[in-house]
Structures are given as C-alpha cells and as structure tokens.
Amino acid sequence: MNDLAAYNFAYLDEQTKRMIRRAILKAIAIPGYQVPFASREMPMPYGWGTGGVQVTASILGPDDVLKVIDQGADDTTNAVSIRAFFQKVANVAVTTKTKEATIIQTRHRIPEEPLREGQTLVYQVPIPEPLRFLEPRETETRKMHALEEYGLMHVKLYEDIARNGHIATTYAYPVKVEDRYVMDPSPTPKFDNPKMHMSEALQLFGAGREKRIYAVPPYTQVVSLDFEDHPFEVQKFDKPCALCGAENVYLDEVVLDDKGGRMFVCSDTDHCEDRRAHGHAGALLARPTQESQEAAE
Amino acid sequence: MSAIPLLKVNDVSKFYGSRIGCRNVSFELYPGEVLAVVGESGSGKTTLLSCLSTRLMPTSGIVEYHMRDGQYRDLARMSEAERRFLMRTDWGFVHQNPADGLRMTVSAGANVGERLMAVGDRHYGNIRASASDWLRRVEIEEDRIDDQPRAFSGGMRQRLQIARNLVTSPRLVFMDEPTGGLDVSVQARLLDLLRGLVHDLGLAAIIVTHDLAVARLLSHRMMVMKDGAVIEQGLTDRVLDDPREPYTQLLVSSILQV
C-alpha cells in the first residue's frame, strides 16, 4: 500500500456511475430530451469535455477500445489528454482507428467512416439547450420543449436568411429528433448532421457544466430544421483534400507559410491516414518520390 | 355583430392574500365589440385583464371563451398547451411597454413572422411577404423590415407590437394601456390606426386605459372600475356624457379641457 489516494476503475465511484447510467437510460428512452444529472467535478476545467468524460467513464468497461477525437483529430491537446486520462484511470485499450473503437468520445466532429452497430459516440456538449440564445429563461425553454413550441427556432433561421440571404448557421445546427424534440447536436459542423440520421451507432451527449445528458438511439430519425424555400444544405468544398484527395469530406484550412500559402486537408486525421495508407494521394503528395528525395537531401 | 357572445365573464374575483385585486366582475363581450375598462391606478383594471387573458388565475368565477369550433370552454379548465395555443393564434395581447411584447434582438420581420412560424408556417417567402404586408398596414416603412425594434421609436415599436399580434387574424385582442408613454400626436396616430384595424378586421377588443379620450375614440362600451369593483357600465357615449355614479362624474369632470 502506498498513501496515494486510490480511485475507482474509470475514475468515478460506482454510485456516481449508477446515477449517470440511469440518466443515460432515460435519455435513450426519450430521444432528444435533456435529462438533468448531478454532474461531478472532474480533474479538468469546464469546457474541456467534463460532460463527455463522465458519460464515457460511466459506460466504459475493461474490454472497450477507446478513441478520442477533437475537431476530427486524434493528436490535438484535448484528445491526447482525455485519451491519456482513461489509459491511466481505466487501463483500457486505446486506438486512433475508427473501425476498431467501441467507444468514440468526440468534440465537434463525427468520423467520416460510417459508424456501425455496437459502437457508441460520446459528444462533449458546451450548451445543450438549442433555444438558449433566443430564450434565456430555463423555466420557459423547458415549457417550450414540453409543449413542442418550436416556432422560435425558425425565428433564428429566419433571421439568418434575412441578414445573409441563406441559412448561415454552420455549426450546432438544430435538428428535430424522431419528430418530437428539437436538439442541439453540439458544435459539430452541419456537414455532420446527415450522419446522425438513422445512424447504426448509439449517440450520447454529455454537458458537464450545464448538467444535462441526452441521446439519440440507433436508427433514429434526425432531421435538420429548414424552410421549404430554403432547404437544409451541407457545406461544399471546391477542392479535395490536399493530402489524400478525398472528396465529400469535411476539410480544415491549414496555413502553410506567411505568403498566403494554404491547403485544405481532412479534418478527420484517421480517415486521411487510412486513405494515404491505401495509396490515395492529394495535390500536395502527387509526387511523393521527388519530395522524399528533396527531404533526404 | 353576432348574437353569441365571444367571451362570457361570470363573477370573477381575484384576491392577493387578503387584498382585493378585483371582485364580482361579470360581463359578456360580443364579436367585433370593443370594451374599454377605465378607472384610476389601483382600481383593478390590469388584474381583471390578466384574469381574462389567463395570465393570472382568478380566485373565483368563470371565464368562458367561444372557440372556433363553436364550443364554450372554461379557460381555467383548459390545459396549458391549449391556453398557450389560443394565446398565440386566436388572441392578441398588446402590452403597455412594447419591450414586453416584442423580441428586441430579432428583426421586425421575424417579430411579425414568429406567430406564423409557431403555427407551422415553413415557407420563408410567404412569411416575409405577410410580415412586409403587416408592416405596411401599421405604417412602418417596408425597408425597416430587417431592423431590430431597438432601432425603432416608441410609437413604431407599439405599432410593430400590434402587427405582431394581428398577423394570425385573432378574434380577440387584449390591450393594456396601448397608448401609455406616447406623446399626443403619436397617440392620435396610433388610435386612428387601431380604430381602422379593429373596424376592418372585426376584432373584439378589451382595452384597459386610464385615458377617457382613448375609451371615447375606440370603444363601443365601457366599464368603470373603483376599488376592484365595476361601479358603472354602459355604452361609451352614455357613460361619458351622462355619468350616473359620483365617482364616474368625478372622473369625467377631471379631464383637462384645452
């Protein structure tokens, strides 16, 4: 024995996990409904994914394989530290491969690789209430959800069109789940909204600071709100990924130098690496032999 | 005017603890009729209006509304969902302070369109067209459609609030001091507009005001309240020209003559 404080498997104590699992079960039973739960303090600041971490900790078992992504990437600060956290407190296997993971905790993206049955996607949510910036009173927004009064959500979209000529909301784009609850899909780009519809995987959403959990069970309708004459559209990109040549994926802009050079690459790093390993090459890697020679020189 | 009352109010009282808000108020309101409720501050006008418009539950008494399906419904026995639906479709409520009735941070067009979207209108072009039509009807320039009400003057805000309430063609509109806080020329213009709209649309309205001139211009019938009770009611011209109760006589004689 040493005198270091001991902690339970996956950090949270069993009673807390039980409480969170109950909230998760309720959330799955009422798709899109925000279930309040007694969010715990986690050894990281609010805004770093305390909600997602608590959900993951509650559903994680010793046999799970965990993948953590932040803006699609496996190697950014948030992803690396949360992955290291669970390696340390639960000693679970981790991976960067979407196919191999059983639980994927994500911040702001859904992997490009279609998820399959048995996988669980855990979202980190900063503000779970889609009506929050339109109606500041929690008592009122709850009532609006209860009575299905969602006209206000369209007021926001109306304002978008009035100001910009099109629906300018590009992330946290409101969706209606199973024809009942309007839900904030967390700040994922609206590019990812169609992936939520009838997804084979279970999707769980945890908001630590706001103390809410909600869920989209597998094979559930998720419809993005829109107007008849301004239908929902996802972002389109002019060029394919500069590294792997992928089209119809979500791209990040990367500045290359201080002379205006830039490239657009897959935001999903695993997807990009996988494609390159299979011999796909984008514009920047078109002459890989020559480039590697230059690098060697 | 139809012979079937739109609203039947029977013996409505509201107590705040042991204090009286209003007591034993009974009347019937017919479609297309404008009723003014006058009286000094603290006489229970606003309490009565809140009880009628389900913003407050009366302590005792029954308020019944003639629904579009022809049935009378006791407002206190309706579910909250039904009440709220009624309030945003068949009713309007014009607040004294436009900021209470408007969304100050969204554009005028969205303010007018909100009710349409709330009842399921999902065509941007149509919503915008009716918003712009209503702005024209309340004499707001159509190029102000994308401005926020914060950029509007008091009179414009009040007119916008009226447009926002009338867009779903309600049958009954409650107004709480609609001209309060406006200067006299703006007041006159607003009253003129209201009178036209009420006449054209065949609206029934209950207007709470302490301004007898407003009552004279807009209403067909009026009720005078004092200490929570209705002390006199009748046709507006009759009450103002031939007041019977001493208090009403005092009220009428207190109007400043210029």
Side-chain angles (χ1 to χ4, degrees), chain A residues 30 33 127 129-169 172-182 190 193 221-233, chain B residues 54-55 78-92 99-132 134-135 140 142-151 160 163-165 167-168:
Chain A
I30 319 171
Y33 172 71
I127 297 165
E129 179 52 70
L131 302 161
R132 178 57 67 238
F133 292 108
L134 302 154
E135 175 52 66
R137 291 167 293 177
E138 174 70 17
T139 48
E140 187 66 16
T141 52
R142 279 203 212 185
K143 198 167 276 177
M144 289 161 84
H145 281 294
L147 301 177
E148 246 184 297
E149 284 181 10
Y150 290 132
L152 200 53
M153 207 69 250
H154 274 86
V155 170
K156 178 178 164 15
L157 301 179
Y158 173 98
E159 281 290 279
D160 259 9
I161 303 175
R163 283 188 200 160
N164 306 297
H166 59 98
I167 299 179
T169 304
Y173 192 102
V175 293
K176 197 163 206 180
V177 181
E178 205 64 19
D179 228 8
R180 176 61 183 85
Y181 283 98
V182 165
K190 67 177 172 184
N193 276 14
Q221 278 186 37
V222 179
V223 180
S224 306
L225 301 181
D226 59 4
F227 284 104
E228 286 158 16
D229 45 347
H230 284 85
F232 172 78
E233 282 177 349
Chain B
T54 72
R55 301 164 71 81
M78 285 167 83
S79 71
E80 187 170 15
E82 287 175 302
R83 270 205 303 271
R84 286 172 68 115
F85 184 74
L86 191 67
M87 285 182 84
R88 63 171 191 261
T89 53
D90 222 14
W91 287 5
D100 296 340
L102 292 173
R103 288 191 191 280
M104 299 303 277
T105 53
V106 304
S107 68
N111 262 295
V112 179
E114 181 177 347
R115 274 177 166 229
L116 294 174
M117 294 182 245
V119 295
D121 204 329
R122 294 287 177 264
H123 192 284
Y124 174 81
N126 295 351
I127 294 168
R128 197 167 169 84
S130 40
S132 126
W134 269 100
L135 290 183
I140 295 175
E142 281 173 49
D143 61 358
R144 303 298 300 268
I145 190 167
D146 292 330
D147 290 353
Q148 294 185 358
R150 284 191 294 203
L160 179 62
R164 172 180 160 90
N165 274 291
V167 67
T168 47

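Protein chains get the first letters and strands the later ones, always in sequence-line order, with residue 1 at the start of each. Note that the structure is predicted; figures quoted are calculated from it, not measured.
For B/Gln148, the part lying under 4.5 angstrom from a heavy atom of chain A is the side chain only. With a threshold of 4.5 angstrom between heavy atoms, A/His154 approaches chain B through its backbone and through its side chain. Neither the backbone nor the side chain of B/Leu116 comes within contact range of chain A; no heavy atoms are under 4.5 Å apart. Proximity to chain A is absent for every atom of B/Arg115, based on heavy atoms less than 4.5 angstrom apart. Heavy atoms closer than 4.5 Å to chain B are found nowhere in A/Lys156, neither backbone nor side chain.
Taking both residues in full, the closest heavy atoms of B/Arg103 and A/Leu134 are given as NH1-O, 3.7 Å, listed atom of the first, atom of the second, then distance. Residues A/Asp229 and B/Tyr124 come closest through the heavy atom pair OD1-N, 2.7 Å. In this structure, A/Glu159 and B/Val106 approach most closely via the heavy-atom pair OE1-CA, 3.5 Å. Closest non-hydrogen pair, A/Val155 versus B/Ala110, comes out as CG1-CB, 3.9 Å. The minimum heavy-atom distance between A/Arg163 and B/Thr105, with the atom names listed, is NH2-O, 4.1 Å.
We find the CD-NE2 distance between A/Glu228 and B/His123 to be 6.0 Å, quoted to the nearest 0.5 Å. The distance from atom CZ of B/Arg84 to atom NZ of A/Lys143, rounded to the nearest 0.5 Å, is 5.5 Å.
Using a 4.5 Å heavy-atom threshold, the side chains of A/Tyr158 and B/Arg128 count as touching.
Of all the listed residues (B/Gly109, B/Gly113, B/Ser79), the one sharing the greatest number of non-hydrogen pairs under 4.5 Å with chain A is B/Gly109. Between chain B and the options A/His230, A/Met153, A/Glu148, heavy-atom pairs under 4.5 Å are most frequent for A/His230.
Between the A/Glu149 side chain and the B/Ala118 main chain, no donor and acceptor come within less than 3.5 Å of each other.
Crowding of B/Glu82 atom CD: a count of heavy atoms from other residues, nucleotides or ligands under 6.0 Å exceeding 12. Within 6.0 Å of the CZ atom in A/Phe232, the count of heavy atoms belonging to other residues, nucleotides or ligands exceeds 12.
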